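One structure below.
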There are 2 protein chains.
Amino acid sequence: MPAPMANVSERRFDPPSLAISTVVFALSAGAGNSADDESTADGATLWLPLVRRIREPYRNTWALPGGPIAWNESLEAAARRNLHETTDMTPNYLEQLYAFGGTDRSPDLRVVSIVYWALVRPVEADKAVTGDNVRWFRTGNLPELAFDHRDIVDYAVWRLRNKMEYSRIAQNFLGDTFTLAQLREVYESVIGRRLDPANFRRQMLASNTLIETDQVLAGARHRPPRLYRYKPELAQGSTAS
Amino acid sequence: MPAPMANVSERRFDPPSLAISTVVFALSAGAGNSADDESTADGATLWLPLVRRIREPYRNTWALPGGPIAWNESLEAAARRNLHETTDMTPNYLEQLYAFGGTDRSPDLRVVSIVYWALVRPVEADKAVTGDNVRWFRTGNLPELAFDHRDIVDYAVWRLRNKMEYSRIAQNFLGDTFTLAQLREVYESVIGRRLDPANFRRQMLASNTLIETDQVLAGARHRPPRLYRYKPELAQGSTAS
DNA sequence: ACAAAAGTGTTGTTATTACACCCATGC
DNA sequence: GCATGGGTGTAATAACAACACTTTTGT
């Protein structure tokens, strides 16, 4: 119960308060329950869920899911709990993005936001109950966002693209097994550029992170592609504390 | 004046409070005013300043310089101000490292630390008035640190090494002009590995970030090396807000 | 048979590495 | 002259990119 008798103008001079927000990414498959799904044939697209603010400032404006941090939970736990409370999702991957603490982020309160970014698989993305107050948007076609959330999203997209090039986070968009074409599609839709199937295949196999299963994916009118899975990883998650 | 009548045991259940800390790096030249300067002939070494805690918990233990965030300053400004207050230094480079918010970081208070890391040139490093409460330590030979500061330092070193390989932060350890050997020494002492002088030279020149001056550095008993300077950079600093 | 994507081969280009060798200075 | 690092040359290797070509399925 901090400073119970403080009114708004006095609160302006309190030390900054803390909050958590999360930028969640999913690929198009799981975002089918959106209104304007004009998914072009040339590959999947990136989507993220936003929530409508129900109070001032920026009332009715779309914003990143977020909330306060409880006294007995870590930052990551706060992000995870909050995400579940607001969107019913449990992320496959969760990593701290940045702490945003400019003095002019909010018109009245001074709040420092510790922002996480997350990846969810299609199955998980479908769990998000969308409606008037929660909706998926494509990263390329966002509405006006509250606060500096637009900058935050841009930074998160940049980070995702970046990390895609040197790590194996792509697996967090996919199910347990997948074809190399599916894996390639993840890469292509995130970095926004076509990749040579032949070279991509060799790079992935050479990276020694894949296990070839003995199954193939039949049904299409061409040679059935082999299914792969990722090797169990030693340690992927985020940084300590 | 938040919650003025709260005692210690009640404070445990307050929402986390905020603080800023900074890991400052300098190369050996500027750290000569240290006690155990046994700088080996084979290149410079990394140093960082620590301050002695004057209150519980961890009283008398060395810790990262840090402090609270004022209501009207950004996180970066808080780091900069605090660094100046505690060590009289103004960093050449300053970037956010990570927000540490584990629940067990401190025995009593719950505090979230937003940590920055900084680079200072030798001239600036000399401004730090060392004494009983501020001292430079080599990163390879640190004392026991308060809280989780040891983990934080390790992470900062990792980040510095990493960033050294794909960016031009090395310049923040050097003066305006420098020889390629000096630049190489910075790289070598940070990443802890010898580099081929010939190849290093070509890589640096090929990167197209250096300007050749018309001066050389005479005085040594070998061919005088040419002095270079960095091209004025478009934008280097940290991320917004 | 044919279309379409899976999968393999091959070649040219570029980046990296190792190391030989010449250059210019102080002593 | 000679030791010392500055600076250039070069060849072997590895990584990457482009693209031709063969394989296997569904229709």
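Owing to the predicted nature of the structure, the values given are computational and were not obtained by experimental measurement. Every chain is numbered from 1 and lettered A, B, ... according to where its sequence line falls, protein lines coming before strand lines.
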Starting at OH of Y228(B) and ending at P of dG6(D), how long is that distance when rounded to a whole Å?
11 Å
Considering heavy-atom distances to DNA chain D, does A220(A) or Q203(A) have its closest nucleotide positioned more toward the 5' end?
Q203(A)
F147(A) vs H149(A) aromatic rings, parallel, tilted or perpendicular, using cut-offs 30° and 60°?
tilted
Taking N and O atoms by type only, does the side chain of R202(A) place a donor or acceptor under 3.5 Å from a partner on the base of dG9(C)?
yes
Strictly by modelled atom types, are N199(B) and R202(B) linked by a side-chain donor-acceptor pair under 3.5 Å?
yes
Check this for me: does the side-chain of R221(A) come within 3.5 Å of the base of dT25(D) through a donor and an acceptor?
no
Quick one: do D88(A) and K127(A) make a salt bridge, cutoff under 4.0 Å?
no
Can you find a side chain N or O atom of R223(A) that sits less than 4.0 Å from OP1 or OP2 on dA5(C)?
no
Of the candidates dA24(C), dT17(C), dT4(D), the side chain of P224(B) sits closest to dA24(C)
Mind checking A218(B) for me? I need base, sugar-phosphate or nothing, with any heavy atom below 4.0 Å counting as a touch.
nothing
H222(B) side chain: which of dG5(D), dA6(C), dG9(C) is closest?
dG5(D)
Just how far, in rounded Å, is P of dG6(D) from CZ of R184(B)?
6 Å
In whole Å, what is the span from the CG atom of L227(A) to the P atom of dT25(D)?
14 Å
Taking K163(B) first and then E95(B), would you say they form a salt bridge - that is, a charged N and a carboxylate O separated by under 4.0 Å?
yes
Hey, which of these two, R193(B) or P225(A), hits DNA chain C nearer its 5' end, going by closest nucleotide?
P225(A)
Whole-Å distance separating the CG atom of L210(B) from the C1' atom of dG7(D)
15 Å
Using a heavy-atom cut-off of 4.0 Å across all strands, would you classify A198(A) as base, sugar-phosphate, or nothing?
base
Of the listed nucleotides (dG9(C), dA18(C), dG7(C)), which one gets closest to any side-chain atom of D196(B)?
dA18(C)
Would you kindly give the CG-to-C1' distance between L195(B) and dT17(C), to the nearest whole Å?
12 Å
Any chance the side chains of R226(A) and T213(A) put a donor and an acceptor closer than 3.5 Å?
no
Without decimals, in angstroms, what is the distance between E165(B) CD and dT16(C) C1'?
14 Å
Atom CG of N199(A) and atom P of dT14(C) are separated, to the nearest Å, by 16 Å
Measure from CZ on R201(A) to P on dT23(D) and round the result to the nearest Å.
15 Å
